[in-house]
Amino acid sequence: MSIKDQFFLDRDKAVLVVIDVQEKLCVAMDETVLKKLVKNVGILLESAAELNIPVFVTEQYVKGLGPTLPELKEKAAAAPCYEKMAFSCCGSSEFVDALKATGRTQVIITGMETHVCVLQTVIELREAGMNVHIVKDAVMSRNKQNWHTAIQAMTLAGAI
């Protein structure tokens, strides 16, 4: 893969994944950072719709953490939503099968928490040979140190 192929996104090769931006999980987050995350994920969802980029939404243990925030669910109304019981999205065979079925090789990642569900998803997607792009201002953790550590780990794993 060339440097350009690694760094440049192509709307015909890309998918957007929104990981676990759920009501009860959001309550534990810094309000200021959460507000920015929701705004940025919203922009990404609108852009994906405009560019005809497939969107996948995941929810971790909905019974305990609640559904995706309504304002994001509304913007992703046409997107499939996968409930998962594993931290990584790849722990959902339905998610993995749907992603493979697109034939796309670039995955744009947003969501929470950066150091758990996002990180584990990125590692498994990289292991599967996917070109993964993290939107740094659209992923978050409860504290900045966890976020920094995860960003660094994902970069070392080959994510952009």
Side-chain angles (χ1 to χ4, degrees), residues 6-9 14-48 53-76 79-96 98-99 104-160:
Q6 185 177 359
F7 281 85
F8 285 25
L9 287 167
V15 299
L16 174 65
V17 177
V18 180
I19 301 173
D20 307 347
V21 186
Q22 295 167 253
E23 291 176 345
K24 293 181 183 176
L25 186 56
C26 289
V27 172
M29 301 296 164
D30 177 276
E31 283 186 46
T32 303
V33 179
L34 178 63
K35 185 176 179 180
K36 289 177 187 173
L37 173 118
V38 171
K39 176 184 174 201
N40 292 335
V41 172
I43 291 168
L44 289 165
L45 287 167
E46 291 166 0
S47 299
I53 294 172
V55 174
F56 296 145
V57 176
T58 67
E59 295 174 335
Q60 173 79 25
Y61 181 56
V62 177
K63 183 179 176 182
L65 297 175
T68 299
L69 290 178
E71 57 265 49
L72 296 180
K73 196 139 189 140
E74 182 180 321
K75 290 183 181 192
C81 184
Y82 301 95
E83 182 172 5
K84 60 190 184 68
M85 296 302 286
F87 291 125
S88 172
C89 295
C90 297
S92 163
S93 59
E94 294 85 8
F95 171 85
V96 172
L99 182 59
R104 293 170 181 245
T105 57
Q106 299 176 334
V107 183
I108 304 163
I109 298 285
T110 70
M112 59 178 66
E113 284 196 60
T114 312
H115 64 291
V116 185
C117 296
V118 172
L119 173 63
Q120 288 188 21
T121 299
V122 168
I123 289 170
E124 290 202 79
L125 290 173
R126 289 292 301 135
E127 182 73 17
M130 300 297 261
N131 184 350
V132 180
H133 291 252
I134 309 302
V135 184
K136 284 175 60 174
D137 62 359
V139 294
M140 73 179 296
S141 294
R142 293 174 209 219
N143 72 58
K144 198 68 165 181
Q145 183 59 44
N146 288 345
W147 178 87
H148 278 292
T149 301
I151 295 294
Q152 186 176 36
M154 291 183 290
T155 302
L156 290 170
I160 304 300

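As a basis for the values below, the full set of heavy atoms in this structure was taken, side chains included, without hydrogen atoms, waters or symmetry mates.
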To the nearest 0.5 Å, what is the distance between [atom1] ([X]) and [atom2] ([Y])?
X	Y	atom1	atom2	value
F8	Q106	CZ	CD	11.0 Å
L44	E46	CG	CD	9.5 Å
M29	N143	CE	CG	9.5 Å
L37	T32	CG	OG1	12.5 Å
M140	L25	CE	CG	8.5 Å
F95	F56	CZ	CZ	6.5 Å

In the structure I gave you, are the side-chain heavy atoms of [X] and [Y] within less than 4.5 Å of one another anywhere?
X	Y	value
R142	M112	no
V57	L72	no
V96	L99	no
L65	D20	no
L69	C26	yes
T68	V18	no
L16	V135	no
W147	V33	no

For [X] versus [Y], what's the shortest heavy-atom pair and its separation?
X	Y	result
R126	M130	NH1-O, 2.7 Å
T121	C89	OG1-N, 2.8 Å
A14	P54	O-CD, 3.4 Å
A48	V55	CB-CG2, 3.6 Å
I123	A157	CG1-CB, 4.5 Å
A86	G91	CB-CA, 3.8 Å

Return the set of residues passing side chain to side chain donor-acceptor pair (under 3.5 Å) with [X] (not counting sequence neighbours), or none when no residue passes.
X	result
S88	E124
T110	none
E31	none

Problem - Verdict with supporting geometry, V118 and M154, side-chain contact (heavy atoms from CB on, under 4.5 Å) - result: CA-CA 9 Å; V118 172; M154 291 183 290; 3.8 Å; yes

Return yes if some donor-acceptor pair links the side-chain N/O of [X] with the main-chain N/O of [Y] below 3.5 Å, else return no.
X	Y	answer
R104	V15	no
N40	D137	yes
K84	F87	yes
N131	Q6	yes
Q22	Q60	yes

Handout entry: Steps toward side-chain contact (heavy atoms from CB on, under 4.5 Å) verdict (I151, V139)
Key = CA-CA 9 Å; I151 295 294; V139 294; 4.1 Å; yes

Practice task
Tell me, yes or no, whether the heavy-atom count around E127 atom CD, taken from other residues, nucleotides or ligands under 6.0 Å, exceeds 12.
Solution key: no

Problem - Heavy atoms from other residues, nucleotides or ligands near CD of E74 exceed 12 (cutoff 6.0 Å) - result: no

Practice task
Quickly, which of L119, I134, T114 forms a side chain to side chain contact (heavy atoms under 4.5 Å, CB included) with I109? Name it, please.
Solution key: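 For I109, the side chain to side chain contact (heavy atoms under 4.5 Å, CB included) check succeeds only for I134.
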
Practice task
Start with the C-alpha gap between V122 and L125, add the side-chain angles, then the distance that decides, and say whether side-chain contact (heavy atoms from CB on, under 4.5 Å) holds.
Solution key: CA-CA 5 Å; V122 168; L125 290 173; 5.8 Å; no

Problem - Presence of salt bridge, E59 and K73, under 4.0 angstrom - result: yes

